[in-house]
Amino acid sequence: MNSLPILAPATDEACCAPGGPPALGAEEAKRKALVFKALADPNRLRLLSMVKAEASGESCVCDLTGPLELGQPTVSHHLKILVEAGLLHREKRGTWAYYSLVPGALEQTAGLLATL
């Protein structure tokens with residue numbers, strides 16, 4: 001019976017050498033995913049654009065419920081997610097909360113994919 005020759009493994013280790021640590025660590029991936037998750041909701045995108053468009057640079061939660069046709073608790077929940085993602089800053093004044101963009105947050109968010 002004829003047997004097939006056994007080939008030696010490739011000796012060029014350069015093609016199979018590990019490339020080093022992953023470019024994106026687990027914690028950094030979680031932080032970036034938090035921002036993408038916050039932006040993945042149409043209501044949150046609208047809230048972000050409304051706060052950005054405000055001439056004073058800030059919006060009261062009381063002024064954001066009407067345009068979205070959502071209740072105050074729902075709007076507050078969406079705003080909380082945007083704050084946790086580092087996109088908005090919250091300042092409590094009396095019974096109302098005012099929201100403003102975190103300086104540089106939109107520019108940093110725009111560069112998230114480029115830094116992968």
Side-chain angles (χ1 to χ4, degrees):
M1 199 176 259
N2 291 336
S3 61
L4 295 174
I6 297 176
L7 298 175
T11 58
D12 184 12
E13 293 179 17
C15 72
C16 301
L24 188 63
E27 284 304 312
E28 187 179 1
K30 283 181 186 178
R31 284 191 307 273
K32 289 183 178 193
L34 186 68
V35 174
F36 288 128
K37 183 177 179 182
L39 295 174
D41 184 278
N43 290 315
R44 290 193 283 267
L45 281 176
R46 291 183 66 201
L47 284 168
L48 199 59
S49 71
M50 285 188 274
V51 171
K52 182 179 184 229
E54 187 60 43
S56 66
E58 63 182 13
S59 295
C60 177
V61 68
C62 61
D63 296 327
L64 298 172
T65 56
L68 289 178
E69 298 178 359
L70 296 173
Q72 185 272 327
T74 303
V75 171
S76 291
H77 170 75
H78 286 306
L79 290 166
K80 178 184 174 192
I81 291 171
L82 291 167
V83 168
E84 290 172 350
L87 298 168
L88 291 181
H89 170 73
R90 179 181 185 265
E91 182 181 336
K92 183 96 166 140
R93 296 184 202 152
T95 58
W96 296 109
Y98 289 80
Y99 293 86
S100 59
L101 286 173
V102 171
L106 293 181
E107 293 78 12
Q108 186 177 16
T109 300
L112 283 178
L113 286 176
T115 59
L116 289 178

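Bear in mind that the values here come from a model prediction, so they are computed numbers and not experimental data.
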To the nearest 0.5 Å, what is the distance between [atom1] on [X] and [atom2] on [Y]?
X: H78; Y: D41; atom1: NE2; atom2: CG; result: 4.5 Å
X: L79; Y: L87; atom1: CG; atom2: CG; result: 11.5 Å
X: H89; Y: S100; atom1: NE2; atom2: OG; result: 5.0 Å
X: K52; Y: L106; atom1: NZ; atom2: CG; result: 6.0 Å
X: L39; Y: I81; atom1: CG; atom2: CD1; result: 11.0 Å
X: N43; Y: E69; atom1: CG; atom2: CD; result: 10.5 Å

Problem set entry | Verdict with supporting geometry, L68 and V75, side chain to side chain contact (heavy atoms under 4.5 Å, CB included) | CA-CA 8 Å; L68 289 178; V75 171; 4.2 Å; yes

Problem set entry | Test: E28 and R31 ion pair at under 4.0 Å | no

Exercise. Between the side chains of R93 and Y98, is a donor N or O closer than 3.5 angstrom to an acceptor N or O?
Worked result: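 Note: R93 and Y98 side chains miss the donor-acceptor criterion.
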
For this session: Locate the shortest heavy-atom distance separating E84 from L34; write the atom from each residue and the value.
Result: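 The pair with the smallest heavy-atom distance is O-CD2, 3.4 Å.
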
Exercise. Hey, is the main chain of A38 close enough, under 3.5 Å, to the side chain of R44 for a donor-acceptor pair?
Worked result: yes

For this session: For the pair T74 (side chain) and L70 (backbone), establish whether a donor and an acceptor sit closer than 3.5 Å, ignoring hydrogens and angles.
Result: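 Not at all, since once roles are kept as given, no pair shorter than 3.5 Å links the two residues.
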
Problem set entry | P73 vs H77 side-chain heavy atoms within contact, under 4.5 Å | no

Exercise. Tell me, do F36 and L113 make a side-chain contact under 4.5 Å, heavy atoms counted?
Worked result: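 F36 reaches L113 side chain to side chain.
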
Exercise. Can you list the steps and then say if V51 with L88 is a side chain to side chain contact (heavy atoms under 4.5 Å, CB included)?
Worked result: CA-CA 9 Å; V51 171; L88 291 181; 3.9 Å; yes

Exercise. Going through the checks in order, is the side chain to side chain contact (heavy atoms under 4.5 Å, CB included) test met by M50 and L47?
Worked result: CA-CA 5 Å; M50 285 188 274; L47 284 168; 4.0 Å; yes

Exercise. Are more than 12 heavy atoms from other residues, nucleotides or ligands located less than 6.0 Å from atom NZ of K92?
Worked result: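 Counting other residues, nucleotides and ligands, NZ of K92 exceeds 12 neighbours.
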
Exercise. Same cluster or not: are L112 and V83 linked, directly or through other Ile, Leu, Val, Met, Phe, Trp or Tyr residues, by side-chain heavy atoms under 4.5 angstrom apart?
Worked result: yes

For this session: Check E58, E54, R90 against Y99 for a side-chain hydrogen bond (donor to acceptor under 3.5 Å, both in side chains) and give me the one that passes.
Result: R90

